[in-house]
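Just so it is clear: chains get the letters A, B, ... in the order the sequence lines come, proteins before strands, and each one is counted from 1. Quick caveat, the model's predicted, so the values are computed rather than measured. Computation of the quantities below employed the complete heavy-atom set of this structure, encompassing side-chain atoms and omitting hydrogens, waters and symmetry-equivalent molecules.
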Amino acid sequence: MTTPSKPVRVRYAPSPTGDFHVGGARTALFNYLFARHHGGQFILRIEDTDQKRYNPQALTWLLDGLRYLELEWDEGPDIGGDFGPYTQTERLELYQKYCHQLIDEGHAYRCFCTPERLAQVRQERQKQGLSGYDRHCRNLSAQESAARADAGESFTVRLKMPLEGDITVTDAIRGDITFQFANLQDAVIMKSDGIPTYHLAVVVDDHHMQISHVIRGDEWVNSLPLHVYLYRALGWEPPVFAHMSLILNPTGKGKMSKREGRAPDGRVLPVFVRTFQELGYLPDALVNYMATVGWSFDDKTEIMTRRELIERFSLERVNTSPSTWNYDKLNHFNGLYIRNLAPDELADRLLPYLHAAGINADRDTIRRIAPAIQERLTVLTDAAEWVDFFFVDELPEFDLNLLVPKKMALADVPPILRAARNILAQAEFTHDALDAALRQGAKAAGLKPGQMFQPIRIAVCGKKVAPPLFNTLEVLGRQTTLKRLDSALARLEK
RNA sequence: GCCCCCGUCGUCUAGAGGACUAGGACACAGCCCUUUCAAGGCUGCGACACGGGUUCGAAUCCCGUCGGGGGCACCA
C-alpha cells in the first residue's frame with residue numbers, strides 16, 4: 001500500500017463489558033500492525049457509554065491481555081496522550097456540544113417517544129416487514145421540541161437521515177459499498193440520560209483524535225452509512241474505513257463464541273486472551289497465528305516474526321471472507337515457537353507455569369531438563385506432566401504392570417531391574433555414559449535395549465510417557481534413581 | 001422478513017483472463033527414524049458451491065440460484 005498522506009493514527013476501541021476475546025485481540029493486532037507498518041500511532045480508547053453492561057474487571061483484562069500480546073499502545077487511558085481523555089464517559093461534554101449543533105442545524109431531532117411506544121411500533125412494523133422506528137417525532141417544530149425539553153420531558157436525540165437516495169462508501173478492504181437511505185433508520189445518537197450512543201461518540205472521538213483509518217470488525221459495516229452521514233452533517237472529513245471479516249466458531253455455527261467450550265475430547269477451547277495466556281501460549285505464536293487468520297503475505301510464508309509481520313502487513317491483503325479459528329494450527333504454531341526458544345528462555349517461561357501447577361520446581365533442574373521436553377510441548381502448561389516426578393520424594397503408586405516390556409511377563413521384571421540397578425550403581429551419570437552402559441547391559445542380559453529401558457523408565461518416572469531416559473536419569477541423579485529402582489523392586493517382591 | 005458482506009482441499013490460505021495437471025500450511029493416512037512420547041524427513045488423500053452468460057480462452061469478469069456470515073436497540 002502506498003503510504004497515506006496524512007499521519008497514520010489508528011485505534012482499538014473496545015467496550016469494557018466483558019473478557020478480552022481473541023476476536024477483539026485480532027482487531028487490535030491488525031490495527032497495531034498497520035500503525036507500526038506506517039510508522040503511525042496505535043491508540044487505545046475505552047468506549048464505555050453503555051453504563052448497563054459495564055464490567056469493572058474488563059479494563060484490567062484488556063490491558064493485561066494487550067500487554068501479554070505485547071501490542072503496546074502509544075496513547076490510552078492509562079498513559080494519556082495529546083488527544084485525551086481516552087475514556088468516553090470523560091468526554092461527555094464534547095458529545096453534548098455536537099449533539100446540540102446537530103439539532104440546531106436540523107440534522108438531528110429530539111424524540112419523545114417512550115420505550116414502550118418504541119417497542120410496540122417495532123413489533124407492528126416487523127409484521128409489515130419493516131424494521132425500527134416510525135419517525136414519529138421527526139417533524140416536531142423546533143418550538144414544540146424545545147418547549148417539551150424545557151418542561152423536563154424525557155427525550156433521546158435521533159439523526160435525521162435523508163429519506164431517499166443512496167450513499168456509497170469505499171472500504172479499504174472491500175471496495176465500494178452502497179446503501180439506500182430508504183432502508184436506514186433515524187438512529188438514536190444521544191440517550192435520554194445524556195450519554196451518547198456509540199455512533200455519535202465514535203465519530204466525534206475519531207475526528208478529534210485525528211484517526212486516519214478505522215479498522216474494525218465486519219459487524220460495523222451496517223452502521224457505515226450512518227457514520228459517514230454523521231461526518232457529513234458535522235462537516236468533517238471521514239477517515240478511511242476498513243472492515244475485517246469476523247472469526248467463525250470452529251464448532252457449530254456463527255461467529256466465534258463468547259464462551260469457552262470444550263472439544264469432544266474434553267480439551268478447553270479458549271476464546272479469551274487470558275485463557276490462552278494461562279494455558280501457556282507464547283505471545284509471538286498467538287500473534288503470528290492471529291495474523292494469518294484473514295490475512296496472508298504470500299502463497300507460502302506463514303511463520304513470521306513480529307518485525308516481519310509489521311514489515312509485510314497491508315490492508316490490501318486482508319481477506320474479505322470470514323474464517324474459522326483453527327486450534328490445531330495454533331497449537332502447531334505454538335509448538336514451533338516453543339522449539340525455537342533458547343533453553344534458558346524456555347526454563348524462565350516454564351517456571352511460573354510449573355509453580356502454578358503446584359510443582360515445587362527449581363530453575364536449575366528445569367533448565368537442565370528443558371531441552372529434553374522442549375520438542376514435546378504444545379503449550380507451556382504441558383510441561384507439568386513431563387517433569388512432575390523430578391520434584392517429589394516418593395513417586396505416587398503406579399500400576400506394576402506398566403513395568404512389563406512388550407511380550408514379557410511381570411516375573412521377568414525383577415531380574416531386569418536388578419541388572420539395571422547394578423549398572424546404574426556404578427555408571428557415570430551423564431547422558432552418553434548412561435546410554436553406553438545401559439545398552440551394553442541390555443546386550444549382556446540378552447535383552448533388546450527397549451526391554452531394559454522400559455522398566456527403568458517406569459520405575460523412575462512412574463509413568464509410561466516421559467522425557468528421554470538418559471536425560472531423565474542424568475538430571476535425577478544416581479541417588480534418586482537407585483532409590484526408585486529399589487522401591488519398585490520392593491513393591492514387586494511383596 | 002428487510003438490508004449489507006462473503007463463497008478455492010475438512011480448516012487457514014495463494015490465485016487479480018492464458019504461467020493451473022490449481023501452489024503452501026494445519027489436520028488426516030502410510031513409510032522412514034526411534035528407549036516411551038514427541039520432533040523431524042518422505043509419500044499420499046483432498047478444493048475452484050451450482051447454473052447461465054462474456055471471451056479464442058474463466059477459479060479469476062457479469063447475472064441468477066443455493067449456501068455461509070453480519071446487521072436491523074435509549075448495546076457496543
Check every strand shown and say whether A:P467 touches a base, only sugar-phosphate, or nothing at a heavy-atom separation below 4.0 Å.
base
If you count every heavy atom of other residues, nucleotides or ligands that lies below 6.0 Å from A:E164 atom CD, does the total exceed 12?
no
Across the strands shown, which category fits A:S154 at heavy-atom distances under 4.0 angstrom: base, sugar-phosphate, nothing?
nothing
Here's a test for you: under side chain to side chain contact (heavy atoms under 4.5 Å, CB included), which of A:V221, A:N222, A:L226 qualifies with A:L224?
A:V221
Does B:C61 have a Watson-Crick or wobble mate here (both distances under 3.5 Å), and if so which one?
B:G53
Looking at the base of B:C6, is there any donor atom on it, or on the side chain of A:S321, that sits under 3.5 Å from an acceptor on the other one?
no
Does A:K52 reach a base, just sugar-phosphate, or nothing at all? Heavy atoms under 4.0 Å.
sugar-phosphate
Does a salt bridge link A:D206 with A:R11, judged by any charged N lying under 4.0 Å from a carboxylate O?
yes
If the P atom of B:C62 is compared with that of B:G17, how far apart are they to the nearest Å?
12 Å
Please pick, from B:G71, B:A76, B:A39, the nucleotide with the shortest atom-to-atom distance to any side-chain atom of A:N222.
B:G71
In the structure shown, which nucleotide is the Watson-Crick or G-U wobble counterpart of B:G67, with both distances under 3.5 Å?
B:C6
Side-chain-base donor-acceptor pair under 3.5 Å for A:R53 and B:C75
yes
